Amino acid sequence: MSPGPYFERHAQTFVGALGRLARRPLASALIMGVIGIALALPLLLQLLVQNARALTSNGADAFELAVYLKPATEEAAARTLASQLRGRSDLAAVRLVTATQGLAEFREHSGFGAALDLLAANPLPHVLLLTPAENSRGSEALQRLQSQLKELPAVDDVQLDTAWVKRLQAMLDLLRQLVLSIGALLLAGVAVIVGSTIRFEVTSRRHEIEVMKLLGGSNAFARRPFLYSGLLYGLGGGLVCLTLVAVARYRLDPAVRALTATYGQDAGLIGLGFELSLAALAAAMALGWLGAWVAASWQIRHIDPT
Amino acid sequence: MSPGPYFERHAQTFVGALGRLARRPLASALIMGVIGIALALPLLLQLLVQNARALTSNGADAFELAVYLKPATEEAAARTLASQLRGRSDLAAVRLVTATQGLAEFREHSGFGAALDLLAANPLPHVLLLTPAENSRGSEALQRLQSQLKELPAVDDVQLDTAWVKRLQAMLDLLRQLVLSIGALLLAGVAVIVGSTIRFEVTSRRHEIEVMKLLGGSNAFARRPFLYSGLLYGLGGGLVCLTLVAVARYRLDPAVRALTATYGQDAGLIGLGFELSLAALAAAMALGWLGAWVAASWQIRHIDPT
Amino acid sequence: MIRFQHVHKRYANGRQALADLSFEVRAGEMVFLTGPSGAGKSTILKLIALIERPTRGEVRVAEQDTARIRRRGIARYRRRIGVVFQDHKLLEDRPVFDNVAMPLVIAGRPRREIDKLVRAALDQVGLLGRERDRPLELSAGEQQRVGIARAVVAKPPLLIADEPTGNLDPQLALEIMMLFKRFNDVGVTVLIATHDHHLIDAAGARRIELTAGHQAEA
Amino acid sequence: MIRFQHVHKRYANGRQALADLSFEVRAGEMVFLTGPSGAGKSTILKLIALIERPTRGEVRVAEQDTARIRRRGIARYRRRIGVVFQDHKLLEDRPVFDNVAMPLVIAGRPRREIDKLVRAALDQVGLLGRERDRPLELSAGEQQRVGIARAVVAKPPLLIADEPTGNLDPQLALEIMMLFKRFNDVGVTVLIATHDHHLIDAAGARRIELTAGHQAEA
Ligand SMILES: Nc1ncnc2c1ncn2[C@@H]1O[C@H](COP(=O)(O)OP(=O)(O)OP(=O)(O)O)[C@@H](O)[C@H]1O
Ligand SMILES: Nc1ncnc2c1ncn2[C@@H]1O[C@H](COP(=O)(O)OP(=O)(O)OP(=O)(O)O)[C@@H](O)[C@H]1O
Ligand SMILES: [Mg+2]
Ligand SMILES: [Mg+2]
């Protein structure tokens with residue numbers, strides 16, 4: 001078999017598959033739509049988680065740990081401790097609020113005003129405000145950090161700024177779990193959809209395959225058109241998916257802006273980016289090809305002409 | 001046509017459809033699986049929103065509004081205002097913290113201790129802590145409430161307890177939008193899946209339908225088996241969906257408990273309940289029947305024997 | 001029973017299958033349709049069964065202008081005609097019994113009656129005992145006979161058959177032809193397209209000969 | 001070329017189609033296979049084309065024990081045999097040209113060659129000019145001839161045909177039989193199952209007569 005006819009045959013088969021899809025545009029579009037939806041959902045959720053994480057790392061104030069030093073601690077010792085902590089890899093920033101600064105801030109905000117001048121001594125301790133490094137913001141990491149800090153001799157108490165942190169973290173954890181489960185389900189779904197579509201196509205072209213086999217066509221020969229169909233379904237589904245993600249991004253943008261506004265920011269949704277889009281497309285095509293390969297191989301091997 | 005054979009025929013057709021599904025168990029299971037997944041996702045997300053809402057209404061403290069009265073306000077006037085506010089339908093609870101109570105609390109928590117006894121006058125204002133009614137916790141409703149309260153003559157300032165409220169609300173809004181979009185997408189997906197499955201079945205049994213029509217079978221006669229197939233796909237998909245929801249509930253429960261723990265509660269996920277489960281099942285069957293009806297009617301009308 | 005008047009049939013691809021054809025088959029008659037391959041025999045039978053529609057001219061069947069029968073009426077109309085198809089048109093995934101029973105099931109006959117009639121029909125084509133076989137497990141001639149049994153099972157007043165003995169050996173072909181004759185004897189109108197001149201001679205019935213869509217009555 | 005030795009064939013449903021059948025067809029011979037409906041003619045051709053396997057006994061084709069040919073070898077083996085099927089086995093959604101070209105496409109022949117060979121084959125069965133029609137737009141006899149063109153297009157050394165003239169009028173049947181004879185004249189081994197005794201007489205070739213799976217050489 002010369003390479004000429006071989007290539008020619010592949011090209012012909014590909015065009016044939018394209019032609020078949022085009023001949024029943026509604027059905028093809030529907031299948032691609034379903035694949036697109038199934039691929040878009042995990043991407044959308046991933047996008048959500050990604051954006052939520054970006055938000056919470058911008059809104060770093062939410063992650064502050066307040067370390068209250070023992071009342072007896074000298075300011076110099078507090079400074080030393082602060083610079084020691086700055087060496088830790090799991091902390092992004094360390095800010096020292098000395099007792100004097102604290103009192104000054106309190107005077108401004110509390111409404112007690114000059115009344116505080118009456119105090120014999122400053123009752124406030126020095127406080128270290130810590131921002132954990134980005135990779136140490138999980139609720140477990142935070143708790144570990146908290147207990148480690150508590151054991152330092154100079155430290156009186158360590159408090160997470162608000163329950164908000166824990167809640168957000170727990171929510172993100174939940175969401176991430178959800179994304180993983182849903183993503184796995186839906187990717188399996190895509191393979192199943194392509195597979196069962198191809199399976200039906202093989203069934204509905206059973207006669208044709210029988211005839212091909214009777215005339216001396218190999219299984220590979222009979223399978224080829226279906227592989228191209230699968231590839232095309234994947235490609236179409238991938239394009240639908242990217243479109244859906246783009247539309248969803250556009251539609252959800254106001255809601256996200258409202259959310260970021262609560263952090264005093266004005267940032268829209270982060271998109272998929274070119275590389276991830278391309279990867280999604282490639283994955284869709286690979287899934288389509290694979291689903292088709294499995295379904296067609298299995299079916300065709302079991303078609304025996306009579 | 002006597003009613004006997006008519007019923008007999010329906011029963012036979014139903015059994016026939018069941019038999020066809022059973023004859024290719026893998027394919028049937030896969031299709032039902034896909035339908036189940038597609039139905040389960042919106043239900044799961046709905047469950048999530050529902051649970052989130054339940055959580056935030058239990059964790060009512062998160063929703064407190066602090067109303068600072070003008071320093072000159074008498075305690076009696078503060079009490080009058082409090083009981084006036086209790087009459088509002090958009091408030092669930094109103095707690096008055098008088099300046100004296102405030103100072104006592106402050107003395108306990110701030111570390112200033114006896115130092116405060118030196119103060120000539122209590123610098124704190126009376127404060128009203130408000131819990132909005134459940135239906136007035138949207139961020140808009142809260143803002144409206146806030147600006148209304150600010151206009152009261154006795155009021156100095158109104159603060160939402162933390163930014164947390166806004167954030168949670170914004171997140172819930174986002175999630176609700178997401179659920180609506182995803183739910184609509186997926187329900188359409190189910191109809192499409194059933195429809196295109198039936199479409200393929202009709203195609204692969206095209207010869208049979210042609211023969212039936214040649215022998216004087218009406219379109220309705222040819223369509224009947226496919227309607228039963230659609231119904232069965234729906235039923236199977238619905239059962240898969242309920243199973244998936246139950247499994248997901250079981251798997252997500254720890255994460256949700258971790259989340260509720262941050263509210264100092266210990267509550268797992270709220271389930272679907274019997275009625276909603278039944279409704280989901282009925283909806284699945286209806287979708288299956290409908291998808292089959294549309295696909296089969298359309299296809300069968302266009303099969304003309306030659 | 002059947003009357004073609006100036007019937008023309010041009011298929012969608014432009015091929016002229018029938019040109020100004022007129023003939024009549026009276027109720028109770030038995031008539032053969034002959035002519036070379038591609039002369040238009042199957043086309044005539046398809047016009048009668050409403051599988052195709054004439055381009056021009058009138059096709060009357062049982063005193064009814066078939067042009068008047070629209071979509072919804074076709075099913076009922078076809079139930080009154082028994083058709084033997086040139087390519088059998090059996091359902092390959094259903095046993096012989098179900099195939100033969102199909103016209104009765106469609107007509108909504110009760111189970112007992114169906115049982116009896118199907119057995120009788122299979123007996124007449126020599127296939128009693130093969131009820132549970134599937135068409136693919138039958139030889140071509142056996143399949144053809146199943147098709148014949150299905151056409152006669154509901155005892156229709158009009159029977160049309162397209163090359164019903166093409167896959168049968170001469171002796172069996174004669175038997176089948178005698179079966180058609182027996183139906184004709186009890187009043188059924190029979191129209192058969194065939195190439196087999198010996199059978200026509202044996203049956204001694206009228207013959208309509210076609211050449212390229214024209215009649216050449218012999 | 002073909003040698004059956006004590007071949008038995010019992011189908012899965014228990015039906016005994018062939019019982020202890022032995023015969024030989026020498027290379028370059030032309031042989032007819034006759035016998036009543038259900039005698040086992042198609043079964044023999046199916047054993048040769050490896051569509052079925054014998055229950056017992058040996059089927060040798062072209063000096064090769066067919067029992068030795070496993071899954072992967074079947075495709076290549078079939079490419080060397082031209083088969084005319086009793087039910088045509090055409091692809092209904094492909095034009096006549098594609099149907100006839102199929103064996104050449106499968107063999108990976110270049111486009112130009114395919115074009116030439118397909119036209120030549122269609123010419124031989126009298127269907128030149130119908131390349132773009134689809135099988136459903138052909139009469140039964142025309143379909144049968146497309147099947148014959150497909151069987152001969154790749155010029156296989158062995159040609160087997162199952163009732164190739166069942167749907168043809170007597171004159172066309174004779175022409176087709178002469179076509180097979182011409183192939184036989186240039187060295188192709190030909191085995192034809194048929195009911196048509198006139199044709200056998202006309203072709204004057206050897207005849208193997210079957211009765212219920214047994215040979216009854218005449
Ligand atoms: N659906 C169709 N579309 C286009 N042309 C058709 C169609 N059906 C038949 N023809 C053409 O019309 C002519 C008559 O066909 P018909 O099937 O009536 O012939 P016939 O007499 O039955 O032949 P045979 O004996 O071979 O079955 C043929 O030339 C055929 O090619
Ligand atoms: N796939 C099968 N399964 C079971 N039985 C079969 C199968 N194919 C054929 N038979 C039976 O084997 C016997 C021989 O069949 P075969 O098709 O070889 O007959 P034939 O000589 O070709 O008859 P015809 O002239 O009617 O085509 C028949 O009784 C038939 O019912
Ligand atoms: Mg015909
Ligand atoms: Mg046979």
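Please read all numbers here as calculations on a predicted model, not as lab measurements. Order of the sequence lines fixes the chain letters, A, B, ..., with proteins taken first and strands second; residue numbering starts at 1 for each chain.
- Note that CZ of C/R71 and CG of B/N219 are 7.0 Å apart. Values are rounded to the nearest 0.5 Å.
- Proximity to chain B (any heavy atom under 4.5 Å) is restricted, for C/L90, to the backbone atoms N, CA, C and O.
- The part of B/R205 that comes within reach of chain C is its side chain, from C-beta onward, which places non-hydrogen atoms under 4.5 angstrom from that chain.
- Put simply, CE on B/M212 and CG on C/L91 are 6.5 Å apart, with the number rounded to the nearest 0.5 Å.
- Between B/D304 atom CG and C/L50 atom CG the span is 11.0 Å, to the nearest 0.5 Å.
- Counting heavy-atom neighbours within 6.0 Å of C/R76 CZ, excluding the residue itself, gives a total of 12 or less.
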Apply side-chain contact (heavy atoms from CB on, under 4.5 Å) to C/R150 and B/V211, showing your working.
-> CA-CA 11 Å; C/R150 187 184 60 188; B/V211 173; 3.5 Å; yes
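- Taking B/H207 as the reference, nothing meets the side chain to side chain donor-acceptor pair (under 3.5 Å) condition, with sequence neighbours excluded.
- C/I81 contributes atom CD1, which lies 11.5 Å from atom CG of B/L215 (distance to the nearest 0.5 angstrom).
- A 4.5 Å side-chain heavy-atom check between B/E208 and C/D93 finds at least one atom pair inside the cut-off.
- Residue C/R72: no heavy atom, backbone or side chain, is found under 4.5 Å from chain B.
- Of the two parts of C/F85, only the side chain, counted from C-beta on, holds a non-hydrogen atom closer than 4.5 Å to a non-hydrogen atom of chain B.
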